[in-house]
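Here is the structure we will look at, set down as C-alpha cells.
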Amino acid sequence: MKINVTINNEKKELEIAPDDILLDVLRRYGYHSVRRGCDTGMCGICTVLLDGKPVPSCSIFAARVDGHEITTVEGLPEAKELAKILAEEGADQCGFCSPGLIVNTVYLKKLKIKKIEEVKIKLIGNLCRCTGYVGQHRAIEKFLGVEK
Amino acid sequence: MIKNYFRPKTIDELSELKLKTKGYLFSGGTDLFVKLRAGTIDTDTVIDTKYLNSRKIEITGNKLFIPINATYSELRMFIKQNNVNNMLENIVKTIGSPMIRNRGTPVGNISNASPAGDFVLASYLFNAQVIIEPTSRKLPVKNFIKGPGKIDLRENEFVYGIELEILNDYKFYFEKVGRRNAMIISIASLGLLLKEKDNKIKDIRIAFGSVAPYILRDENLEKSLIGETINEELFKHIAIEYQKLSSPITDVRATKEYRKSLVHNLVIKAYNNLFEKVVKE
C-alpha cells in the first residue's frame, strides 16, 4: 500500500506493508536519527513529532500517518545547537538516546517552557541508561534558557 | 503477522470488519504493540479506528462523554479548559509519559480491563457507563469488566465511548505506588472521593487498583459509611474492611503481603492528607 506523508516539510509518497511500523519505515527511507530502544513505548528513544506532538514511533503503524506530518531530528534546525551543548556538558556518553531527547526538548522550546520542574516532568519519558541525567539537565537548562 | 489494515469510517463498517476478520482494533497502539511483540495477540488484521466519524469529548447534561480515539492528552486539555472533573487530572497525569499520553486512550484502557489500569480505576470512581456499538448497549463499567482482560463484548461489538458522572464539591485523593516516577504499572493504587457535610460523610467512593483481579470497590460498604462522623477511627475501620476484601497476588512488582499492607496504609494516608493531619515542616 502507498501512503502520502510530509516528513520534515517534504512531501513523500512511500510504499509500505500493512504491518510496517513507523519507526522501521523512517529508518528504511534514511531518517537514521530515529532509533529503536525498548520497542514498547517506554524509553522515549524513538520519539518523533506527529503533527507537531511527540509520540513513540515504535508504537504506531506506518499506515496511520497517511496524510500527516512527521518531524525527526533531521528536520529540526535547532537540533544542532542542542546537540552541541549536550556534547559540551558531557551529556552524551554513548549518544543513543539523544535523538529522542532532542526532539522532545526542541518541542519544549517551542512551547516556551522554562521552569525546570516542568521540564523534568515533560522529559520523564526519555530514559538514558549510561550517562545519567545531571549533565543532560545542565545542557537542557542552557538550551531552554531556564530561569534560575 | 499482519497482512490486512482496514480504515473503516462508519460504525457499521467497523462492526462488520471486526465480525468478519476477528481483527484487533488499533487506536493509540500503546498497549496493542506491547501485546503484538510479546506474542499474546496473534492476528493478521488491524482495524484502525481513527477514521471513524465519532463524537468528540463533550459534556452532555451531568455526564462527561469520552469517545473512542480521544487521547489522555486531549482529555486533560478538555478537563482544564472546561473546568470539569478536575480530580481526574491527578490520575491522568500519572499515566505513562507525555508521549504515551499523546497516543494512549481511556477507551483503550477500559477495553484492556487490567486490574492495574489507572483509567479503569477512574472509571469505577466516576460510575462510568460503557457505550457499546453497533448495538447501542450501555452498561456500568463494573458489569462490563468480567475479570482481568475479560470484557462483556460480542464479536461484532466495540466500545464507542464512556460516560463519566460529573462530580462537584468532592474531596479527592489518588495515590499510585510504584517503583519509580514515570511509566509505572502500579503495585497498588487508591482513588477516594468524599463529600462531607458538618464533618459527616454525605457520599464516599473508594477504589483500589492492583489488589484484586478487578478494581476493588464495595458499594455496600460505602453506603454503610454515609452519615458517619469523619475521624481517624472511621478511616481505620475502612482500612481494615478493605484489607479483608482485597485479594492481591504476588508478581514481579510486589508480594501479596506488601500489597495487603498497602491497602491499609493508603486509606490512613488518604485520611491524613485530606484532613491535614500531616505535620508539615
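Lettering of chains follows the sequences in order, A, B, ..., and the numbering in each one begins at 1. These numbers were taken from a predicted model, which means no experiment stands behind them.
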Is it true that [X] and [Y] have a side-chain N and a carboxylate O under 4.0 angstrom from each other?
| X | Y | value |
| --- | --- | --- |
| B/Glu74 | B/Arg76 | no |
| A/Glu78 | A/Lys109 | no |
| B/Arg259 | B/Asp251 | yes |

Tightest non-hydrogen contact, residues B/Met99 and A/Gly125, listed as CE-O, 3.4 Å

Closest non-hydrogen contact found for B/Ala122 with B/Leu88 is CB-CD2, 3.7 Å

Ranking B/Arg7, B/Arg103, B/Arg37 by heavy-atom pairs under 4.5 Å to chain A gives rank one to B/Arg37

When the 4.5 angstrom heavy-atom criterion is applied to A/Cys38 and chain B, the contacting part is neither

When the 4.5 angstrom heavy-atom criterion is applied to A/Ile21 and chain B, the contacting part is side chain

Those residues of residues 60-68 of chain A that come under 4.5 Å of chain B on a heavy-atom basis, listed by number, are A/Ile60, A/Phe61, A/Ala63, A/Arg64, A/Asp66

Using only atom types and a distance under 3.5 Å, with no angle test, would you say the side chain of B/Glu175 pairs donor to acceptor with the backbone of B/Gly191? no

One should read off an interatomic distance between A/Asp24 CG and A/Ser57 OG, to the nearest 0.5 angstrom, of 8.5 Å

| task | If the plane angle is over 60° it's perpendicular, under 30° parallel, otherwise tilted; pick one for B/Phe172 and B/Phe174. | result | parallel

side-chain hydrogen bond (donor to acceptor under 3.5 Å, both in side chains) filter on B/Thr45, not counting sequence neighbours, yields B/Asn4

In terms of heavy-atom pairs under 4.5 Å with chain B, the winner among A/Val55, A/Asp39, A/Thr47 is A/Asp39

Cut-off 4.5 Å, heavy atoms of chain A, and the answer for B/Phe33 is side chain

Under 4.5 Å to a heavy atom of chain A? For B/Lys3 that would be backbone

